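Written below as structure tokens is the structure these notes are about.
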Amino acid sequence: MESCRITIRVQPRASSDGVLGFLEDGTLRMRVTAPPVDGAANIAVCKVLSKALGLRRAAVRVTHGKTARRKIVQVTGLSEAEVRERLTG
């Protein structure tokens, strides 16, 4: 099964959830309404990203940066090219 890792820059406590797009360095910008307390923002990141990609929630998980705004997320079931296509298309 294919999988990839993408770097994400998260803005917690935003007014709405959403995927904002990719920066020039390849980092994906996202915002979530959840606060960065007790992993709530990480859960929200996985939920929003899995919905945007059309995947099960379990197919997306934060692997690095659990307490930082910059995170690395593992996406199972899609290649990096497919992730980019679904998020920009």
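FYI, the numbering just counts along the sequence from 1. Worth saying up front: this structure is predicted, and the values here are computed from it rather than measured.
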Practice problem: Quick one: name the residues clustered hydrophobically with V32, using the 4.5 Å side-chain heavy-atom rule over I, L, V, M, F, W, Y, and just say none if it's on its own. | Solution: I6, I8, V10, V19, F22, L28, M30, V45, V48, L49, L53, L55, V60, V62, V73, V75, L78, V83, L87
Quiz item: Can you pull the salt bridge (charged side-chain N to carboxylate O under 4.0 Å, His left out) pairs that have at least one residue in residues 68-79, sequence neighbours excluded?
Solution: D25-R70
Exercise. Applying side-chain hydrogen bond (donor to acceptor under 3.5 Å, both in side chains), name anything that partners S79, two or more places apart in sequence or on another chain.
Key: E82
Quiz item: To the nearest 0.5 Å, how far apart are CD in E80 and OG in S3?
Solution: 11.0 Å
Exercise. Could you list the residues that satisfy side-chain hydrogen bond (donor to acceptor under 3.5 Å, both in side chains) with T7, not counting sequence neighbours?
Key: none
Self-check item: Pairs meeting criterion salt bridge (charged side-chain N to carboxylate O under 4.0 Å, His left out) with involvement of residues 52-67, two or more places apart
Solution: none
Exercise. Applying salt bridge (Lys or Arg N to Asp or Glu O under 4.0 Å), name anything that partners R5, two or more places apart in sequence or on another chain.
Key: none
Which pairs would a plain distance check flag for residues 11-18, meaning a side-chain donor or acceptor within less than 3.5 Å of a matching protein atom at least two apart in sequence or in another chain?
| unit_1 | atom_1 | unit_2 | atom_2 | d |
| --- | --- | --- | --- | --- |
| D17 | OD1 | T33 | N | 2.7 |
| D17 | OD1 | T33 | OG1 | 3.4 |

Quiz item: Got a sec, which pairs hit salt bridge (charged side-chain N to carboxylate O under 4.0 Å, His left out) with one end in residues 28-50, sequence neighbours left out?
Solution: none
Self-check item: Whichever hydrophobic residues join I43 through chains of side-chain contacts under 4.5 Å
Solution: none
Quiz prompt | Nonpolar side-chain network containing I72, other nodes, edges under 4.5 Å | solution = none
